[in-house]
Amino acid sequence: MDELENDCIAGRGLDNRLGAYTVLHALLRAREKGAEVGVFAATTTGEETTMRGAFHAAGRVRPTLAVAVDVIHTSDFSGMPPQRFGRIKLGGGPALAKGSVCSAPLNRALEEAAGRLGIPLQYAVTPGVMGTDADKLNQTGAGLPVTTLFIPLRYMHSPSEVGSLADVEQTVEVLAEFLAALDEHFDPDPFRD
């Protein structure tokens, strides 16, 4: 990767690499914060095609809820219309999926975690599907409550993707705070909301 100005980096494959880095560091940070729930993490295969990795991981683990971490296109450069995902900018903080597949209780808990930390959230419009492993996770078992926390990424799927280290660190902190706050009283079921 190459270091750029304004706390940004550029490189190939930041899509998957930033997601894996974020999840790993969020788990370590959640442990430091005293998380008391069991947490499983998986990097999966086929996310952009069959999503089979997410399906098999959820089928084996049988989680209570799932938060996918992925990247999302920014709309802060020429040629990327904000109508596609919303107004997402590099350096603007993590983006939370808002759509019909998203669990309202999970989104609310992530918003509260960000609020406690003073971290701004952006919102990604995901009316039908999120385009992440959460779509397949939602279809496992009896219907797993899911959402997606996105890291803004400019020039996705190009040889020179650009990300903000501040966005990555804020995503780590929001996810860690969310995990540390979970307990046996949290109900992710959107039908009881």
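- Across all their heavy atoms, Ser160 and Ala10 have their closest contact at OG-CB, 3.9 Å.
- In terms of heavy-atom proximity, Ala180 sits nearest to Lys33 at CB-CB, 3.7 Å.
- When each of Leu4, Val162, Leu14 is paired with Ile9, the side chain to side chain contact (heavy atoms under 4.5 Å, CB included) condition holds for Leu14 and for no other.
- Counting all heavy atoms, side chain and backbone alike, Arg116 lies closest to Ala181 at NH2-CB, 3.5 Å.
- Atom-to-atom distance recorded for Ser158:OG and Asp15:CG is 11.0 Å, nearest 0.5 angstrom.
- No more than 12 heavy atoms of other residues, nucleotides or ligands shown are found within 6.0 angstrom of CD on Glu3.
- For the atom pair CG (Asp167) and NZ (Lys89), the distance works out to 9.5 Å, reported to the nearest 0.5 Å.
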Could you give me the CA-CA distance, side-chain angles and deciding distance for Phe186 and Leu65, then say whether side-chain contact (heavy atoms from CB on, under 4.5 Å) is met? CA-CA 10 Å; Phe186 181 74; Leu65 58 91; 3.8 Å; yes
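- Across Pro82 and Arg87, no two heavy atoms sit closer than the pair CG-NH1, 3.5 Å.
- Of the residues listed (Glu177, Glu169, Glu173), the one engaging Arg29 in a salt bridge (charged side-chain N to carboxylate O under 4.0 Å, His left out) is Glu173, and it is the only one.
- Ion pairing between a basic and an acidic side chain is recognised when a charged N comes within 4.0 Å of a carboxylate O; Glu111 and Lys98 show such pairing.
- Side-chain contact check for Thr43 versus Asn16: every heavy-atom pair is 4.5 Å or farther apart.
- Under a 3.5 Å cut-off, the side chain of Glu161 and the backbone N or O of Leu153 do not form any donor-acceptor pair.
- The minimum heavy-atom distance between Pro94 and Pro152, with the atom names listed, is CA-CD, 4.4 Å.
- Taking CG of Leu137 as the reference point, atom OG1 of Thr44 lies at 8.0 Å (rounded to 0.5 Å).
- Counting heavy-atom neighbours within 6.0 Å of Phe55 CZ, excluding the residue itself, gives a total of 12 or less.
- By the 4.5 Å heavy-atom criterion applied to side chains, Asp187 and Pro105 are not counted as neighbours.
- Residues Met51 and Phe150 are members of separate hydrophobic clusters, defined by side-chain heavy-atom contacts under 4.5 angstrom among Ile, Leu, Val, Met, Phe, Trp and Tyr.
- Counting non-hydrogen atoms of neighbouring residues, nucleotides and ligands closer than 6.0 angstrom, the CZ atom of Arg31 reaches no more than 12 such neighbours.
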The test is side-chain contact (heavy atoms from CB on, under 4.5 Å); show your working for Thr126 and Val101 and say whether it passes. CA-CA 8 Å; Thr126 59; Val101 178; over 6 Å; no
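- Placement of Tyr21 and Val39 within a single hydrophobic cluster is found when ILVMFWY residues are connected by side-chain heavy-atom separations under 4.5 Å, directly or transitively.
- A side-chain donor from one of Thr148 and Thr132 sits under 3.5 Å from a side-chain acceptor of the other.
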Verify side-chain contact (heavy atoms from CB on, under 4.5 Å) between Glu48 and His157, making sure each step is shown before the conclusion. CA-CA 11 Å; Glu48 307 243 350; His157 301 148; 3.2 Å; yes
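- At a threshold of 4.5 Å between non-hydrogen side-chain atoms, the residues Thr74 and Met80 do not count as touching.
- Here the straight-line distance linking atom OG1 of Thr64 with atom CD of Glu184 works out to 12.0 Å at 0.5 Å rounding.
- Within the 4.5 Å cutoff, no side-chain heavy atoms of Arg154 are placed close to those of Ser164.
- Summarising the geometry of Val168 relative to Thr22, their closest heavy-atom pair is CG1-OG1, 3.6 Å, with the distance given to 0.1 Å.
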May I have the step-by-step check of side-chain contact (heavy atoms from CB on, under 4.5 Å) for Val146 and Met130, ending in yes or no? CA-CA 10 Å; Val146 298; Met130 288 178 264; 3.9 Å; yes
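- Without hydrogens or angle criteria, Asn138 side chain to Ala134 main chain gives no donor-acceptor distance under 3.5 Å.
- Atom CG of Leu90 sits about 6.0 Å away from atom CG of Asp76, to the nearest 0.5 Å.
- Between atom CG of residue Leu18 and atom CD1 of residue Ile151 there is a gap of 5.5 Å, rounded to the nearest 0.5 Å.
- A donor-acceptor distance shorter than 3.5 angstrom exists from the side chain of Ser100 to the backbone of Pro127, with no hydrogens or angles considered.
- Under the 4.5 Å side-chain contact rule for hydrophobic residues, Leu121 and Leu175 share a cluster.
- Phe40 and Leu149 fall into different hydrophobic clusters, where Ile, Leu, Val, Met, Phe, Trp and Tyr residues are linked whenever their side-chain heavy atoms come under 4.5 Å apart, directly or through other members.
- Without hydrogens or angle criteria, Asn6 side chain to Cys8 main chain gives no donor-acceptor distance under 3.5 Å.
- Cluster membership check: Leu110 does not share its hydrophobic cluster with Val125, using side-chain heavy-atom separations under 4.5 Å among Ile, Leu, Val, Met, Phe, Trp and Tyr.
- Residues Phe178 and Leu106 meet the side-chain proximity criterion, which asks for heavy atoms closer than 4.5 Å.
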